[in-house]
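To keep things clear, I will list the structure first and then write my remarks on it.
Note that the structure is predicted; figures quoted are calculated from it, not measured. Note on naming: letters A, B, ... go to the chains in the order of the sequence lines (proteins, then strands), and numbering restarts at 1 for each one.
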Amino acid sequence: GAVVSQHPSRVICKSGTSVKIECRSLDFQATTMFWYRQFPKQSLMLMATSNEGSKATYEQGVEKDKFLINHASLTLSTLTVTSAHPEDSSFYICSARGTANSGNTIYFGEGSWLTVV
Amino acid sequence: AQKVTQAQTEISVVEKEDVTLDCVYETRDTTYYLFWYKQPPSGELVFLIRRNSFDEQNEISGRYSWNFQKSTSSFNFTITASQVVDSAVYFCALSEAGQAGTALIFGKGTTLSVSS
């Protein structure tokens, strides 16, 4: 079945540096991908909706200049956390929406644990 | 606006007990999907079920069952004869399927602890 792969699964970076997280749909084309953030013991909060070939749509309160999202192809979306700070430490998870023929099924990646030290 | 409420923050049961996780949703759309996911400590989301708004039939899958009632906007999840491996955070989610590219809106989750 369809799989969404997310990489890296865990990353530690120094404060002030940038880190990129990739989300790939492995055997289907995803015109739309979603990025979520989850703080410990909290729910998943939608950060942005990423559409292939266009600018991402960010949720209210999410800094678009800090969380750069690029969806350059139908199988890859990337989230770059720029100038990361310890408060950006979180679990980031992406999802991709399959085509209408597949019932618009949502597939989630495995998630990425980001620790900023 | 969309909203998903999981009023139970934490539930603790002993193995073999039955447990029901509650989910109440709000949406103005007539076409929508409801989901349940399991999230173990490793973090990945394990898909359990998807139900569209036009299908109110209850569903059973092994020890899992779901009760969808549009009249009360609820989509409750029951685990029968719980096991230690069922310990996890469970999320209920809602998607307005009528709109292309709509994301899932998650409830706050219910942490289930099953002890032996």
Problem - Path from A/L46 to A/I93 over hydrophobic side-chain contacts below 4.5 Å - result: yes

Practice task
Before giving the answer on side-chain contact (heavy atoms from CB on, under 4.5 Å), spell out for B/E44 and A/S9 the whole-Å C-alpha distance, their side-chain angles and the decisive distance to 0.1 Å.
Solution key: CA-CA 10 Å; B/E44 80 273 17; A/S9 57; over 6 Å; no

Exercise for the section: Give the cluster check for A/L79 versus A/V116: same hydrophobic cluster or not, with ILVMFWY residues linked at side-chain heavy-atom distances below 4.5 Å. Expected result: yes

Exercise for the section: Look at the side-chain heavy atoms of Ile, Leu, Val, Met, Phe, Trp and Tyr, link any pair under 4.5 Å apart, and say whether A/Y58 and A/F34 land in one connected group. Expected result: no

Problem - Separation between NZ of B/K108 and NZ of A/K41, rounded to the nearest 0.5 Å - result: 15.5 Å

Fill in the blank from the handout: So, the part of A/Q6 with a heavy atom under 4.5 Å from chain B: the answer is neither

Exercise for the section: Measure from the ring center of A/Y107 to the ring center of B/F47 and say whether it is less than 6.0 Å. Expected result: no

Handout entry: B/V13-B/F77 co-clustered via ILVMFWY side chain contacts under 4.5 Å
Key = yes

Exercise for the section: State plainly whether one hydrophobic cluster holds both B/Y64 and B/W36, where clusters connect Ile, Leu, Val, Met, Phe, Trp and Tyr through side-chain heavy atoms under 4.5 angstrom apart. Expected result: yes

Problem - Whether over 12 other heavy atoms sit under 6.0 Å from B/K3 NZ - result: no

Exercise for the section: Kindly state whether the ring of B/F106 and the ring of A/Y36 have centres lying under 6.0 angstrom apart. Expected result: yes

Practice task
Measure A/L44 against the heavy atoms of chain B and call it side chain, backbone, both or neither at under 4.5 Å.
Solution key: both

Fill in the blank from the handout: Interatomic distance, CD1@A/I106 vs CZ@B/F35, rounded to 0.5 Å, equals 6.0 Å

Problem - B/Q57 atom CD, over 12 foreign heavy atoms within 6.0 Å - result: no

Problem - Main-chain N/O of B/S42 paired with A/W113 side-chain donor or acceptor, under 3.5 Å - result: yes

Handout entry: Heavy atoms from other residues, nucleotides or ligands near NZ of B/K70 exceed 12 (cutoff 6.0 Å)
Key = yes

Problem - Interatomic spacing from CD in A/Q38 to CG in B/L45 - rounded to 0.5 Å - result: 7.0 Å

Exercise for the section: Sort B/Q6 into side chain, backbone, both or neither according to what part of it lies under 4.5 angstrom from a heavy atom of chain A. Expected result: neither

Problem - Donor-acceptor contact below 3.5 Å, side chain A/S43 vs main chain B/G107 - result: yes

Problem - Atom pair CZ/CD of A/F91 and B/Q39 - distance to nearest 0.5 Å - result: 6.0 Å

